[in-house]
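Remarks on the structure that follows.
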Protein chains: 2
Amino acid sequence: MKIGELAKKSGLSAHTLRFYEKQGLIKVNNRSESNYRIYNNADLDTAKFIKRCRDMGFSLEEVEVFLSIRSDRPAHICADAKNITAIKITEVEDKISELQQILIALHKLSDACCGGNESAELCSIIDALDNDKEQDKTEA
Amino acid sequence: MKIGELAKKSGLSAHTLRFYEKQGLIKVNNRSESNYRIYNNADLDTAKFIKRCRDMGFSLEEVEVFLSIRSDRPAHICADAKNITAIKITEVEDKISELQQILIALHKLSDACCGGNESAELCSIIDALDNDKEQDKTEA
DNA sequence: ATAGACTTTAGAGTAGACTCTAAGGTCAAC
DNA sequence: GTTGACCTTAGAGTCTACTCTAAAGTCTAT
């Protein structure tokens, strides 16, 4: 199949497929006489593999490692794959915690403000952003 | 005070303060004879205000809006500030949901794998990334 | 034979928010 | 009078992952 078909079947754009090739994630072995990239089902599997990794939050660098494990499994051990996953889990957990902290702070901001058509002269959102002591007051 | 002191007191770097100035978030009114930027306490308050906004996840564009409300409160209404906050809350909530979905998927990946020194020939992480049907199996 | 859809390439552009560099000027202390 | 810490500028570089462009070649259908 040509790149357009691979794009459609994998869910990646043709641009992105060429980009991944440039990054060394995908190798194209076949070219048509007119120099078009020709892909087979194994290439489709690889493209889908990469897409699944990306959808799970892995960076291209991490995908590269997964691909190298995948391409020569006996040369690797389960720990190789599991460690990357464990690190990613920690990263995602940390990010969620951070966002939850932010969310709490945002709700605190929002709840204190009427949000109406009143002049913002006394707006407690601006007050809170302006002054740390606003928070202390809330906690006191 | 000069930029170094403002940096220390605000928690922003001197580079960042100059960058914010270039972006129009901060205006510097005073310059010393030797052309050094001279800041006062109001400038410090503004710098801290911006930092607090950033820490709460607001983009520089959003900070700009908050600053304009702050600089002329009677010209604005509470809804101006509250709407931005509400949108940000939704964004953060969406991002958290997305990350939680990813986290579930990552745990599923991780739990299926022994993670030991065994050869990755049968590694279920790579299997799962390679094949949608792996997931169907789990769900069946 | 020609329109329209597809493909090719190298390389530039995008987003957001910094972060750094080079080459120079200033200032306080010893 | 010199060291070292600070300041100035315009502009380039960083990061990640695309995304797009231009100019050209190819394929399919009518």
Side-chain angles (χ1 to χ4, degrees), chain A residues 1-40 43 47 49-67 84 87-88 91-92 95 98-99 102, chain B residues 1-40 43 47 49-67 84 87-88 91-92 95 98-99 102:
Chain A
M1 72 193 94
K2 283 178 289 181
I3 199 164
E5 194 180 342
L6 180 64
K8 206 172 285 177
K9 287 187 178 165
S10 68
L12 298 165
S13 77
H15 276 305
T16 299
L17 286 166
R18 285 192 207 98
F19 170 73
Y20 285 170
E21 185 185 334
K22 218 189 305 182
Q23 301 303 300
L25 297 181
I26 291 175
K27 270 120 207 147
V28 194
N29 309 305
N30 274 5
R31 290 279 184 148
S32 73
E33 287 193 1
S34 49
N35 201 34
Y36 287 8
R37 290 167 179 83
I38 301 296
Y39 300 96
N40 58 26
D43 297 324
F49 180 91
I50 296 173
K51 176 145 189 0
R52 245 170 256 129
C53 290
R54 296 289 300 123
D55 287 347
M56 300 192 67
F58 292 106
S59 70
L60 293 186
E61 204 177 344
E62 289 157 343
V63 174
E64 225 179 308
V65 179
F66 278 132
L67 282 170
I84 299 173
I87 289 168
K88 183 59 57 182
E91 281 173 18
V92 172
K95 189 71 193 168
E98 187 195 325
L99 289 177
I102 286 177
Chain B
M1 73 192 94
K2 284 178 288 180
I3 200 164
E5 194 181 343
L6 181 63
K8 206 171 285 181
K9 286 188 178 164
S10 67
L12 298 165
S13 76
H15 276 303
T16 299
L17 287 167
R18 285 192 207 98
F19 170 73
Y20 286 169
E21 185 186 335
K22 218 189 305 182
Q23 301 302 300
L25 297 181
I26 291 175
K27 271 118 207 149
V28 192
N29 308 306
N30 274 6
R31 291 277 183 150
S32 72
E33 287 194 2
S34 49
N35 201 32
Y36 287 8
R37 291 168 179 84
I38 301 298
Y39 300 96
N40 58 26
D43 297 323
F49 180 92
I50 296 174
K51 176 143 189 4
R52 246 171 254 129
C53 290
R54 296 287 303 122
D55 287 346
M56 300 191 69
F58 291 106
S59 69
L60 292 186
E61 206 177 342
E62 288 158 344
V63 173
E64 224 180 308
V65 179
F66 278 132
L67 281 170
I84 299 174
I87 290 168
K88 183 59 56 183
E91 282 173 17
V92 173
K95 189 70 193 169
E98 189 196 321
L99 289 177
I102 286 177

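Letters A, B, ... mirror the listed sequences (proteins, then strands); counts begin at 1.
A:Tyr39 pairs by the ring-ring contact (aromatic ring centres under 6.0 Å, His included) definition with nothing, not counting sequence neighbours.
Between the C1' atom of C:dG16 and the CD1 atom of B:Ile50 lies a distance of 16 Å, rounded to the nearest Å. When rounded to the nearest whole Å, the span between CZ of A:Phe19 and C1' of D:dC20 equals 13 Å. The distance from atom CG of B:Leu17 to atom P of C:dA17 is 16 Å, rounded to the nearest whole Å. Here the C1' atom of nucleotide D:dT16 and the CD atom of A:Glu91 are 14 Å apart, to the nearest Å. As a whole-Å value, the separation of B:Glu5 CD from D:dA5 P is 18 Å. At whole-Å resolution of the value, CZ in B:Phe58 and C1' in C:dG16 are 17 Å apart. What separates CD of B:Glu61 from P of C:dC18 is a distance of 14 Å, to the nearest Å. In this structure, A:Ile3 atom CD1 and C:dT9 atom C1' are separated by 12 Å, rounded to whole Å.
Taking side-chain N and O atoms only, A:Arg31 has a distance below 4.0 Å to OP1 or OP2 of C:dT9. Put simply, B:Arg37 has a side-chain N or O that comes within less than 4.0 Å of OP1 or OP2 on D:dT9. Between A:Tyr20 and D:dC18, a side-chain N or O to OP1/OP2 separation shorter than 4.0 Å is present. Contact annotation: B:Thr16 does not reach the phosphate of C:dA17 (side-chain N/O to OP1 or OP2, under 4.0 Å).
Under 4.0 Å is where a charged nitrogen must lie from a carboxylate oxygen, and between B:Lys88 and B:Glu91 at least one such pair does. Remark: A:Lys95 engages A:Glu98 in a salt bridge, criterion side-chain N to carboxylate O under 4.0 Å.
Here the nucleotide nearest the side chain of B:Leu60, chosen from C:dA17, D:dT26, D:dT21, is C:dA17.
Using a 4.0 Å heavy-atom criterion, one finds that B:Ser32 contacts no nucleic acid atom at all. Residue B:Ser13 is out of contact with every strand shown, counting any heavy-atom pair closer than 4.0 Å. Within the nucleic acid shown, A:Arg54 comes within 4.0 Å of sugar-phosphate atoms alone, with no base atom in reach, counting heavy atoms only.
Judged by closest nucleotide on DNA chain C, A:Gly4 is the one of B:Ser59 and A:Gly4 placed further toward the 5' end. Both B:Lys2 and A:Tyr36 lie close to DNA chain C; mapped to their nearest nucleotides by heavy-atom distance, the more 5′-ward contact belongs to A:Tyr36.
Taken to the nearest 0.5 Å, the SG atom of B:Cys53 stands 6.5 Å off from the CG atom of B:Leu67.
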Exercise. Between B:Lys8 and B:Glu5, is a salt bridge (Lys or Arg N to Asp or Glu O under 4.0 Å) present by the stated rule, with each step listed?
Worked result: CA-CA 5 Å; B:Lys8 206 171 285 181; B:Glu5 194 181 343; over 6 Å; no
